[in-house]
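Report on the structure given below.
Position 1 is the first residue of the sequence, and the numbers go up from there. Everything quoted here is computed from the prediction, not taken from an experiment. Every heavy atom of this structure was used, including side-chain atoms; hydrogens, water molecules and symmetry mates were not.
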Amino acid sequence: MLNNVSSDLIRGSIDSIILRVLYEKDSYGYEIIKTIREDSKGSYELKEPTLYSSLKRLEAQGMIESYWGSETQGGRRKYYRIKEEGISHYKSSYQAWQAARDLIDILIEEKK
């Protein structure tokens with residue numbers, strides 16, 4: 001169950017999780033948080049300060065870019081889109097995560 005997962009384990013993957021959300025479609029801050037909460041079936045909620053520091057870091061690294069939406073109702077939203085560098089980083093970090101998960105399974109699984 002996801003409720004047993006340490007937030008420290010997730011913290012190291014926040015950038016990759018956000019890149020995965022943006023790989024699917026351009027999004028704004030609250031929508032990214034909502035998508036992550038829904039995808040985890042409510043077991044994990046990304047906090048706003050964590051989200052925005054990650055978005056700022058990813059943008060500074062050239063992995064994402066931001067732009068202002070053209071909402072006709074309500075305030076304008078800042079959207080984020082993944083760039084080619086971000087797609088490459090997401091795919092390689094996902095492969096690295098799969099390899100690490102497989103290795104950890106081997107190393108911690110009971111051998112009785």
Next on the checklist: Walk me through whether E59 and S66 qualify under side-chain contact (heavy atoms from CB on, under 4.5 Å).
Outcome noted: CA-CA 8 Å; E59 192 163 22; S66 61; 2.8 Å; yes
Item to check | Residues clustering with L107 (ILVMFWY side chains joined when closer than 4.5 Å, directly or via others) | outcome: L103
Checklist entry - Which heavy-atom pair separates L51 from G29 by the least distance, and what is that distance? => result CD2-O, 3.4 Å
Checklist entry - Given side chains that start at C-beta, do those of I82 and D26 come closer than 4.5 Å, heavy atoms only? => result no
Next on the checklist: Determine whether a donor-acceptor pair (N or O, by modelled atom type, separation under 3.5 Å) exists between the side chain of T35 and the backbone of E31.
Outcome noted: yes
Checklist outcome for this item: Between the CD atom in E85 and the CG atom in L58, the distance rounded to the nearest 0.5 Å is 10.5 Å
Item to check | Heavy-atom pair with the smallest gap, counting every atom of R76 and W68 | outcome: NH2-CB, 2.7 Å
Checklist entry - Hey, any chance Y28 and I33 share a hydrophobic cluster, counting ILVMFWY side chains that come within less than 4.5 Å of each other, even indirectly? => result no
Item to check | hydrophobic_cluster_shared for Y30 and Y44, side chain cutoff 4.5 Å | outcome: no
Checklist entry - Would a 4.5 Å heavy-atom cut-off, applied to side chains only, mark R57 and D15 as touching? => result yes
Item to check | Neighbour count above 12 (heavy atom, 6.0 Å) for E84 CD | outcome: no
Item to check | Within 45° cone of Y67 ring axis and under 6.0 Å: R81 NZ or CZ | outcome: yes
Next on the checklist: Minimum heavy-atom separation for S27 and L22, please, with both atom names.
Outcome noted: N-CD2, 3.8 Å
Next on the checklist: Measuring only between side-chain heavy atoms, which start at C-beta, is K91 closer than 4.5 Å to Q95?
Outcome noted: no
Checklist entry - Between atom OG of S16 and atom OH of Y94, what is the distance when rounded to the nearest 0.5 Å? => result 11.5 Å
Item to check | Y79-I36 co-clustered via ILVMFWY side chain contacts under 4.5 Å | outcome: no
Checklist entry - So, do D39 and R20 sit near enough that their side-chain heavy atoms are less than 4.5 Å apart? => result yes
Checklist entry - Got L46 and I18 here, is their nearest side-chain heavy-atom distance under 4.5 Å? => result yes
Next on the checklist: Taking side-chain contact (heavy atoms from CB on, under 4.5 Å) as the definition, give me every residue that meets it alongside Y52, ordered by chain and number, with sequence neighbours left out.
Outcome noted: E48, L55, Y80
Item to check | Nearest heavy atoms of L19 and M63, plus distance in Å | outcome: CD1-SD, 4.2 Å
